[in-house]
Amino acid sequence: MTSELFVRGMLYLSLTVVGVPGNVTVISAFLLLLYQENSLLPADAIVLHLACANLLIVGVRCLLETLESFYLTEVFTDVGCKAVIFVYRTSRSLSIWLTFVLSTYQCLSIAPPGSRWASLRALFAKYLCLVFFCVWLINTCMSSAAILFSFGSQNTSSSAQHGINVQFCFVYFPSKLSKEANGAGQVGRDVVPLALMTLASLIILVFLYKHSLHVKGLRGGSAGGGGAEQRAAKAVVALVTLYVVLYGVDCGIWVYTLTVKKTMKSALLSDLRIFFSSLYAALSPLVIIASNRKVLRQLRCLRAQNPLVEKATTLSTM
């Protein structure tokens with residue numbers, strides 16, 4: 001085993017050992033809450049869906065990359081590459097769009113009762129299943145190129161000039177135009193929800209600031225910790241901030257990769273891009289565990305029964 005593969009395996013292993021227990025903990029907590037109350041609030045349903053998408057990222061891409069790096073499996077055949085890259089791209093974009101949906105709903109949740117925005121929030125909650133369906137449909141369709149152009153071995157034909165090296169897999173496009181069109185489509189698919197979730201977070205921050213000044217004026221002192229909606233809003237802003245930072249690195253590397261004329265011999269840039277985009281899937285459950293009181297309450301019931309919950313809780317409080 002080369003030192004490069006060893007370091008690569010250790011990096012993906014770190015994402016796996018943090019992301020899998022963390023997302024399993026969040027999913028278990030909300031499923032227990034669903035069992036106890038027979039329903040979930042819209043924001044809780046979105047977070048549950050987000051945790052499932054993040055679990056797919058670290059459980060499929062990061063875990064399999066770890067096993068392959070340490071020669072423990074040989075999953076990256078042509079079929080394996082098509083399946084893994086398709087699932088990864090779909091779940092990664094789902095994670096982005098669900099973070100956007102969560103920030104949008106939380107932005108609507110701070111609207112005063114009786115306002116037009118409050119009515120829109122009720123409509124949003126009513127058709128949440130339709131929102132989920134549309135998000136799945138959009139991202140599944142836009143990730144379909146992975147099925148057509150992903151291979152498990154290097155191609156020596158002219159199409160190799162328009163390929164992307166992802167260590168154990170290669171993505172070959174038939175022409176420069178198709179490569180640039182596919183790359184632009186992925187960037188656009190990610191930038192639109194990114195810009196909108198950033199705007200929603202700015203609105204939330206402005207509201208929290210004004211609310212803090214208002215409460216401070218009434219009390220003549222400290223504003224205190226705020227209510228449940230304010231705590232939830234702060235958690236959403238933290239998630240969006242985390243994603244914006246990590247996506248900035250991911251997007252920059254991806255755009256550079258698209259400008260390279262020939263397939264790179266080294267997969268270092270692709271590994272860095274996948275690592276930073278997967279880092280959100282691994283760290284976001286820790287933010288949720290640390291900030292969501294419902295999850296923390298359910299952990300008291302699960303901790304004694306599930307050692308993964310104990311580990312994830314310890315990581316979230318470090």
Start with the C-alpha distance between H49 and W136, add both sets of side-chain angles, then the distance that settles side-chain contact (heavy atoms from CB on, under 4.5 Å), and finish with yes or no. CA-CA 11 Å; H49 204 155; W136 268 96; 2.7 Å; yes

Any donor-acceptor pair under 3.5 Å linking the side chain of S91 with the backbone of Y88? yes

Backbone N or O of I96 within a donor-acceptor pair of the D190 side chain at under 3.5 Å? no

Identify the heavy atoms of L63 and T16 that sit nearest to each other, and give their distance. N-OG1, 3.5 Å

Hey, does the side chain of S103 reach the backbone of T99 with a donor-acceptor pair shorter than 3.5 angstrom? yes

Assess the residue pair Q298 and F30 against the criterion (side-chain contact (heavy atoms from CB on, under 4.5 Å)); give the C-alpha distance rounded to whole Å, side-chain angles, the decisive distance to 0.1 Å, and a yes or no. CA-CA 8 Å; Q298 296 303 323; F30 280 115; over 6 Å; no

Heavy atoms of Y12 and C62 approach each other most closely as CB-O, 3.7 Å

List the steps, then state whether ring-ring contact (aromatic ring centres under 6.0 Å, His included) holds for F173 with F149. CA-CA 6 Å; F173 297 95; F149 305 133; 5.3 Å; yes

With sequence neighbours left out, what residues match K82 under salt bridge (charged side-chain N to carboxylate O under 4.0 Å, His left out)? none

Return yes if a side-chain donor-acceptor contact under 3.5 Å exists between N182 and Q186, otherwise no. yes

Short question: side chain of N292, backbone of I288 - any donor-acceptor pair under 3.5 Å? no

Checking side-chain contact (heavy atoms from CB on, under 4.5 Å) for the pair R189/S93: CA distance, chi angles, key distance, verdict? CA-CA 8 Å; R189 177 187 62 182; S93 57; 3.6 Å; yes

Please find the pair of heavy atoms, one from V58 and one from S278, that lie closest to each other, and give the distance. CG1-O, 4.3 Å

